[in-house]
Amino acid sequence: MSFLLNSQGGNQHPVRISDGLTENIGFTFLGEAGTKKTIEKFLTSDPEVIRERQTFFYDLLETEELVEFIGTLAEKIEPIIQLESEKPSLRNRGTNESIFSSFRELLFFTECIDFILENEKGFRGKVKADGIHTLFDKTREIAGAEWYQNAKLYIEKTCEEIKDIQSVTIGINLDAQLGVLEAGIVSVNPKKFTTNTLLDKMFAKNISEKDYICIAPIAVRELRNSGVSMQIVNGHLYAAMSEIVGKSLKKIKQYLYDNLSSNTYFLIDGYDELKFIATCAHYLLSMKAAGMPLCLPEISDHYKIEGLYNPNLVGTVPAVNIVKNDVSFDENGKIFILTGANSGGKSIYLRSVGIAQILFQLGLPIPARNADMEIYSEIFSLFSSKVSDTRGGRFENECKGLLAFYKETTENSLILLDEMFASTSSFEGAIVAARVLKYFAQTGCKCIYTTHMHDLIPEIEAINAEPNIKSRVDGLSAEMINRTATYKIKRCRESYY
């Protein structure tokens, strides 16, 4: 079901990101979906895939019922995922365990198909995303197949106890010395029993179904601690259950199982996408609920964002106090040196740019009022505060981190650097930083470099004077008015102090 986000198409146009990027820029607002592993799976440089996803996520923003549908469908697929993971241990399809497992998988699968079809009518006219319509078309195709119709008939004819079996009642006959004569299944039940005392069973007024109360549990410790004991109990239990329902289960035609196996992947393959979409929807709806702007960037050959903010601030800072900034790369500046006082908003701005770029290339709305954005094939970052290698000094480790992607930069790269080379003297750090920026200017990449090294500002003209550069260098500054930070980032080469 990768057609929901067109992940297969996206993987044909991968985006390389540096180690630690998601941690550096603070993708925490997406939770588990913000990890490098997940981001790399869905990140794309294919403009058509981005446009298709933008339509999909726009539908989510405009139709909150669709968010609930996606989340519920993911929950319904989870039992199928679990049963599939257990299949390797059920090597013999003829065993009772395998029969019951296949039946339950068939049941869960049909419940998913029915759930999708029940919601189809409500969304067909409301949503435009091709992925949702393809989901409905594929589901209807399966529902109309002969094997699926036979599966539904089979489920209807199967005894009700098997569908929702939660417990069995076991009877034990005793001899005069209370020794066990024989034991067997008395009934199969749709509910779990609860443990209680004999007096509770007799006199409790708040329990309506006293048949489901166990007055004295047995073998609890042995069953929990002994894998062998559990295997013995399971073996006898499945054998006994087979006498009750095994004959019916074994009548399932092989082609039902074969078709189930081939069609289950229709849902299983899309499970990760559904979970990712549900998490992203939470981000979108939380921004919307806070009254913060969101926009779907136009794919362009120039770069300009208006009213960008960091979504991590939403919920921690009053919405009216969240400062929004503009971002642009143009012919006069594709590499920026961002200076300013401590706690003036430099790192927040840098992270905001990284977050916006990742969201854009996932096909998601970005936290801004309006945007035209370029697609990059590499997104690299290095934050001095995140360098954690304990071998060597900080300066040495920063150089190692930079070398990990230094030679991989191209005209299609975005590079975010935060306070690099500040561990050495300002003069020496500025020399190293100028050489790095000169190399980036020659490659033609885009870069924002935050720093306290004001000695680096005079190097701008020298870099721009080089005959073979493709990206000009310009300055940004964290604005200060009366020694108070405004958290506005202005384009200039002078710091506001």
Over all atoms of both residues, closest heavy-atom pair of Ala278 and Ile70
N-CG2, 4.3 Å

If we only count heavy atoms from C-beta on, is the Leu359 to Phe27 side-chain gap below 4.5 Å?
yes

Give the C-alpha distance, both sets of side-chain angles, the deciding distance and a yes or no for side-chain contact (heavy atoms from CB on, under 4.5 Å) between Leu313 and Asn321.
CA-CA 10 Å; Leu313 298 178; Asn321 293 339; over 6 Å; no

Looking at Phe115, I want to see if its CZ is surrounded by more than 12 non-hydrogen atoms of other residues, nucleotides or ligands under 6.0 Å.
yes

Determine the minimum heavy-atom distance between Gly26 and Asn312, stating which atoms define it.
O-ND2, 2.6 Å

Look up atom OG1 in Thr38 and atom CG in Leu30, then write down how far apart they are to the nearest 0.5 Å.
9.5 Å

Is there side-chain contact between Met287 and Pro365, with at least one heavy-atom pair below 4.5 Å?
no

Would you mind writing out the side-chain donor-acceptor pairs for residues 366-374 within the sub-3.5 Å range, not counting sequence neighbours?
from: Asp372; atom 1: OD2; to: His302; atom 2: NE2; distance (Å): 3.4
from: Glu374; atom 1: OE1; to: Tyr376; atom 2: OH; distance (Å): 3.1
from: Glu374; atom 1: OE1; to: Lys446; atom 2: NZ; distance (Å): 3.4

Side chains of Leu43 and Ile358: closer than 4.5 Å at any heavy-atom pair?
yes

Going by side chain to side chain donor-acceptor pair (under 3.5 Å), name the residues that satisfy it together with Asp59, two or more places apart in sequence or in a different chain.
none

Residue Gln149 excluded, over 12 heavy atoms near CD under 6.0 Å
yes

Kindly indicate whether the side chain of Ile348, heavy atoms from C-beta on, has any atom under 4.5 Å from the side chain of Val323.
no

If the condition is ring-ring contact (aromatic ring centres under 6.0 Å, His included), which residues does Tyr148 pass it with, not counting sequence neighbours?
none

With a 4.5 Å cut-off on side-chain heavy atoms, are His133 and Val127 touching?
yes

Can you name the closest pair of heavy atoms from Ser381 and Phe405 and give their distance?
O-CE2, 3.7 Å

Working for side-chain contact (heavy atoms from CB on, under 4.5 Å), residues Phe266 and Leu135:
CA-CA 9 Å; Phe266 157 68; Leu135 167 65; 3.9 Å; yes

Nearest heavy-atom pair of Ile299 and Pro47: which atoms, and what distance?
CD1-O, 3.5 Å

Ignoring hydrogens, what is the shortest heavy-atom contact between Pro293 and Tyr309? Give both atom names and the distance.
O-OH, 2.7 Å

Start with the C-alpha gap between Thr55 and Asp130, add the side-chain angles, then the distance that decides, and say whether side-chain contact (heavy atoms from CB on, under 4.5 Å) holds.
CA-CA 8 Å; Thr55 301; Asp130 290 339; over 6 Å; no

Ignoring hydrogens and geometry, is there a side-chain-to-backbone donor-acceptor pair from Arg351 to Asn24 under 3.5 Å?
yes

Kindly indicate whether the side chain of Glu40, heavy atoms from C-beta on, has any atom under 4.5 Å from the side chain of Pro14.
no

May I ask you to decide if Glu378's main-chain N or O and Arg16's side chain share a donor-acceptor pair within less than 3.5 Å?
no

Please examine the side chains of Lys128 and Glu62, heavy atoms only from C-beta on, and report whether any two atoms are closer than 4.5 Å.
no

If we ignore hydrogens and angles and just use 3.5 Å, is the side chain of Thr264 paired with the main-chain N or O of Leu260 as donor and acceptor?
yes

Working note: Asp46 + Arg51, criterion salt bridge (Lys or Arg N to Asp or Glu O under 4.0 Å); need CA distance, chi angles, decisive distance, verdict.
CA-CA 9 Å; Asp46 186 335; Arg51 290 190 182 97; over 6 Å; no

Whether the side chain of Thr450 engages the backbone of Glu419 through a donor-acceptor N/O pair (distance < 3.5 Å, no angle test) should be reported.
yes

Please walk me through it: do Tyr349 and Tyr487 pass ring-ring contact (aromatic ring centres under 6.0 Å, His included)?
CA-CA 9 Å; Tyr349 178 85; Tyr487 304 107; over 10 Å; no

Keeping the roles fixed (side chain from Gln54, backbone from Gly363), state whether a donor-acceptor pair exists under 3.5 Å.
no

Under the criterion side-chain contact (heavy atoms from CB on, under 4.5 Å), I'd like the reasoning laid out for Thr279 against Tyr283: C-alpha separation, chi angles, the key distance, then a yes or no.
CA-CA 7 Å; Thr279 303; Tyr283 145 69; over 6 Å; no

List the residues meeting ring-ring contact (aromatic ring centres under 6.0 Å, His included) with Tyr406, not counting sequence neighbours, and say none if there are none.
Tyr439, Phe440

At their closest point, which heavy atom of Met420 faces which heavy atom of Leu382, and how far apart are they?
CE-CD2, 3.2 Å

Under a 4.5 Å cut-off applied to non-hydrogen side-chain atoms, are Phe108 and Arg104 in contact?
yes

Per the side-chain hydrogen bond (donor to acceptor under 3.5 Å, both in side chains) rule, what does the pair list look like for residues 70-81, sequence neighbours excluded?
Glu78-Tyr271

Applying ring-ring contact (aromatic ring centres under 6.0 Å, His included), can you list everything that pairs with Phe57, at least two apart in sequence or on another chain?
none

